[in-house]
Protein chains: 2
Amino acid sequence: MHCPSTVNGTDNLANGETGRRSCPGERRVRPTYTSRPPYDRDNWVTIVRRGKGSYHMARKQNTSVSIADVAKVAGVSAQTVSRVANGSEAVRPATKKRVLAAMDQLGYRPSFAARSLRAGRYHIVGLAMPSNISATGRRIQFENIATAAADHQYALTLVQINENELSLTEASRRMESLPVDGQILGLGMEPYDFESFVPPSSIPTVIISPKPHPLCATVSNDQVGCAIDVVNYLVDKGHQEIRFAGGRREAPANIGRYKGWLQVMHDKGLSPQEPLFGDWTADSGYRMGTILARDKSCTAIFVANDTMAVGVIYALREAGIRVPEDVSVIGVDDSMVGVIPRLELSSYRFNDERVGSVAFDLATNPPAEDLEMPHILVPGTLVERSTVVPPR
Amino acid sequence: MHCPSTVNGTDNLANGETGRRSCPGERRVRPTYTSRPPYDRDNWVTIVRRGKGSYHMARKQNTSVSIADVAKVAGVSAQTVSRVANGSEAVRPATKKRVLAAMDQLGYRPSFAARSLRAGRYHIVGLAMPSNISATGRRIQFENIATAAADHQYALTLVQINENELSLTEASRRMESLPVDGQILGLGMEPYDFESFVPPSSIPTVIISPKPHPLCATVSNDQVGCAIDVVNYLVDKGHQEIRFAGGRREAPANIGRYKGWLQVMHDKGLSPQEPLFGDWTADSGYRMGTILARDKSCTAIFVANDTMAVGVIYALREAGIRVPEDVSVIGVDDSMVGVIPRLELSSYRFNDERVGSVAFDLATNPPAEDLEMPHILVPGTLVERSTVVPPR
DNA sequence: ACACAGAATGTTAACGTTAACATTCTGCTA
DNA sequence: TAGCAGAATGTTAACGTTAACATTCTGTGT
C-alpha cells in the first residue's frame with residue numbers, strides 16, 4: 001500500500017539513503033518545530049541530531065549478545081547467567097551482581113527464539129480477522145481478546161484475512177507458521193469452508209461463530225437470545241405490532257436476530273409483519289424508516305443495529321412520527337453513546353469482554369482431548385434509555 | 001477480566017472438567033440448534049459429537065513432529081526434508097513425493113522457534129498501543145499498520161499498554177521479550193518519558209508522534225498542516241470570522257490543530273477569537289455550539305473532530321442558526337460517513353494508510369546507523385461536502 | 001584439622017532447523 | 001567400461017537457552 005510515487009521537486013529531501021519513497025507533501029522537519037510558532041510549511045529541514053555515547057555504543061554490538069558473551073565477561077558459566085536471568089535463588093549476591101553488571105554492559109536480552117525452542121511454548125495467541133477490523137462488533141471483539149490476553153501476560157498476534165477469501169483453512173494454515181500457542185478465528189461472515197474445516201492438530205483452535213462446529217470450540221454473542229430479550233421487553237411494555245428492521249440478509253448476526261424476533265412473535269401469538277432488511281448503515285435505516293412510517297398500526301420497531309436505528313428514527317421524525325411517543329425504537333450494539341447529542345437510544349449491549357475472555361481461555365487452555373467441543377453463547381444486557389415507552 | 005462467578009443452578013453444565021467458569025445465562029447448545037426453529041432458551045444441552053478418525057489420530061502425536069521424524073519415515077536425511085520444506089529445486093521428484101507423504105502422514109509443521117533461532121529474524125513487527133484501541137484515529141492507525149504488515153508478509157504482534165501508565169520505556173521493555181523484528185510505539189497521548197526514552201539497541205524503534213524524538217524515528221499525521229489546509233480553505237471561501245472548537249486541551253492532536261488555526265489567522269491578518277475546547281465527544285461539541293450560537297459575527301467554525309462537529313451543528317440548529325446557510329462548519333477525521341442520514345459534513349481526511357505503511361517500513365527497514373532520525377509528517381486531504389459555503 | 005551437608009557453580013545434552021561442506025549417485029562421454 | 005561432471009543426498013555444527021546431573025566450594029560441628 002505504498003503511495004504512488006509522484007515525487008515532486010522539493011520532495012527528494014525526504015528520500016533517505018535507504019531509498020525509501022515519500023509521498024507528495026510529506027515532510028521531515030527539525031526537532032524544534034513545535035516550539036517555533038511561525039510554522040513554515042515550505043521550509044523543510046532535515047534533522048541532524050544523533051544519539052549520544054551510550055546509545056551509539058549499544059548499537060555497535062547490535063549482533064545479538066548471547067548468554068555466553070555475558071558469561072565470559074562476568075567470569076561465570078552460561079548456566080549461572082541463565083539462573084540470574086530467570087531470578088533463581090541459588091546465586092550468591094556477589095555473583096549475581098557481577099552477572100547483572102555484565103548484562104547491563106553488553107545490553108543482553110534473552111533470545112525469544114531460543115527460549116521458546118526449549119520451552120515449547122510461546123505465550124502468544126493468534127487471532128485471524130478480516131481486514132476491515134473497524135466494523136463495529138469485530139473491532140470490539142478484537143479489543144477484548146487483546147485485553148484478555150494482556151491480563152494473562154500473553155501477547156496477541158494478528159493475522160489479517162483478505163475480506164474476499166474468508167477461509168478458515170487458509171487462516172489456520174498461515175497461523176501455523178507463527179509463534180502461537182492457540183488460535184482464535186474470527187472471520188465475521190461465515191466462511192465457505194466452515195463445514196469442511198479440520199483444525200490443525202498442533203494448536204488449539206477456537207472459532208468465533210454463532211454456529212457450532214463439530215471439531216472446534218466455538219464462542220459467540222448470543223444473537224438469538226438478544227432478539228428474544230429485546231422483543232420480550234417490547235411485549236412486556238405492551239407492544240403488539242413489533243416490526244423488524246434487519247441488517248444484511250445473509251449476515252449470521254442478522255439471521256440470529258431475525259430468528260429470535262420471529263420466535264417470540266410466534267410464542268406470544270402475535271402476527272409478525274413483513275421484516276425489512278438493510279445493510280447496517282444509517283442510510284439503509286433511513287430507507288427502511290420511510291417504509292415503516294407508512295405502517296400506521298406499528299407501535300414498536302426492533303432495529304438490528306444502532307446505526308440503522310438512527311436512520312429509522314430520522315425517517316420517522318421527518319414523516320411527522322414522534323419517537324418514542326408514537327413509535328418506540330430499539331437498536332442493538334449500544335454504540336451511539338456520545339455520538340449524537342440528545343439521542344438516548346435504547347439498545348442491547350453485548351458482553352464482548354466475556355466473549356473475548358472465553359475465546360482466549362479456550363485457545364490457551366483447551367478442553368481435554370476426550371471432552372465434547374464447547375459451543376458457548378454469551379448473553380448481553382438490555383439497556384433502557386428513552387426511545388422505548390408503552391404504546392398509547 | 002473473568003466474569004464474577006455467580007454460577008447459578010443450571011449453569012454447572014457449562015463447567016467442563018477443566019474447571020472453566022461460566023457466567024450466568026451463558027450456555028452450551030447442541031450443534032443443531034440453528035436448524036431447530038422453536039429455539040428453546042431453557043433447554044441447554046451439551047454437545048457430544050467428536051472428531052472422527054483422521055482428526056483424532058492427528059491429535060495423538062500432538063507432541064510436535066520434528067524434521068527428524070519425517071526423515072525417518074521417508075527414509076532420507078533431515079536435510080532433505082528441510083530442502084523439501086523450503087521448496088528447494090535439488091530434490092528428485094520421487095524423493096520429494098516420499099517426503100511430502102511422510103510430512104502429511106505425521107502432520108509435520110516446521111517449528112517457528114527453531115527456524116527463527118537459526119535465521120535470527122521473525123518476520124513479525126510489534127505494536128504497542130493503549131488499551132482503548134477503539135478511539136478514532138488509534139483504531140484506524142492500528143488497522144493500517146496491520147495491513148501494511150500483511151502486505152509485506154509480516155505478522156503483527158500487539159502489546160497493550162495500560163492507559164494510565166503510558167511509558168515508552170515500559171512498552172519497549174515488554175516488546176523486547178517478544179519475537180519482533182521491529183517495534184512501533186503508538187501511545188496516543190504523549191507519554192511522560194518521551195524525552196528521556198532511550199530505544200533498545202536490539203530492535204529498530206518507531207514512535208507515532210507529532211513531535212520528533214532525538215533517538216527514534218517518528219511518524220505522524222500532520223496535525224498543523226491539517227489545520228492550515230482547513231483554515232486556508234475557509235478563508236479562500238471568503239470567511240473572515242473563523243472560530244476554533246477544539247478537543248481535549250492537552251491532546252497533541254488538538255494542540256497541532258489549534259496552532260495551525262492560529263497561524264493562518266495571523267498570517268492572513270485576521271483576528272482570532274477566543275478558542276473553545278471540549279473533550280472530543282458530541283456532547284462537548286453541543287456545549288461549545290451553544291456558546292458559538294451567540295457569536296453573531298462568526299461565519300465559519302473549524303471543529304477539531306467530526307463527532308464534536310455534529311454536536312456543534314445540533315446546537316446551532318436548535319438555536320435557529322442554519323448550517324451552512326448562516327454558518328459553515330467543518331470537522332476533522334471524515335468519520336461520519338453513513339452514520340447520520342442526510343448530514344454531509346465537510347471534513348479533513350488523514351492518510352492513515354500512509355502513516356501505517358511508513359511506520360511499518362521504518363520499523364522493519366530502519367535507516368542506516370549514521371543517518372539522522374527521520375521525523376515524518378503525513379498530510380491528509382480536505383473533503384468537500386456540503387457544510388461549508390461562502391458567507392452571505 | 002577433618003568430615004560433611006548443603007549451597008553455589010559448572011558441564012553436558014537437547015530443543016528443531018539449516019548453511020556449509022562432504023559424500024554418493026546418476027548418466028553420459030571417450 | 002572407466003572416468004567424470006554434475007546432480008542428489010548426507011553429515012556436521014551452530015543458532016541461544018536451560019533441565020538434569022556433576023562438581024566444587026562454603027561454613028559448621030566435632
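Sequence lines set the chain letters: A, B, ... in the order given, protein chains first and strands last, and positions in each chain run from 1.
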Winner on side-chain proximity to A:Ser66, out of C:dT9, D:dT17, D:dT18, is D:dT17
With heavy atoms under 4.0 Å as the rule, sort B:Ser116 into base, sugar-phosphate or nothing.
-> nothing
Touch class at under 4.0 angstrom, heavy-atom based, for B:Phe112 against every strand present | nothing
Residue pair B:Ser167 / B:Asp193, side-chain donor-acceptor N/O under 3.5 Å | yes
Before accepting this row, confirm whether a basic side-chain N of the pair A:Glu176/A:Arg173 lies closer than 4.0 Å to the acidic partner's carboxylate O.
-> no
Is A:Arg92 near enough to C:dT9 that one of its side-chain N or O atoms lies under 4.0 angstrom from OP1 or OP2?
-> yes
Start at the 5' end of DNA chain D and walk down; is the nucleotide closest to B:Gly75 or to B:Arg118 reached first?
-> B:Gly75
Would you please classify the geometry between the A:Phe197 ring and the A:His213 ring as parallel, tilted or perpendicular, with 30° and 60° separating the classes?
-> perpendicular
Between B:Arg83 and B:Tyr108, which has a closest nucleotide on DNA chain C that is more 5'?
-> B:Tyr108
Regarding the side chain of B:Gln79, the nearest nucleotide among D:dT17, C:dA20, D:dA20 is C:dA20
Would you call the rings of B:Phe360 and B:Tyr154 parallel, tilted or perpendicular, where under 30° means parallel and over 60° means perpendicular?
-> perpendicular
What's the closest nucleotide to the A:Thr95 side chain, out of C:dG10, C:dA8, D:dT9?
-> C:dA8
From C:dT17, D:dT17, D:dA8, pick the nucleotide closest to the side chain of A:Arg115?
-> D:dT17
On DNA chain D, check which nucleotide each of A:Ala78 and B:Ala78 is closest to and give me the residue with the more 5' one.
-> B:Ala78
Let me know, please, whether A:Val76 or B:Ile67 comes out on the 5' side of the other along DNA chain C by nearest nucleotide.
-> A:Val76
Would you mind telling me which of C:dT18, D:dT18, C:dC15 lies closest to the side-chain atoms of A:Leu117?
-> C:dC15
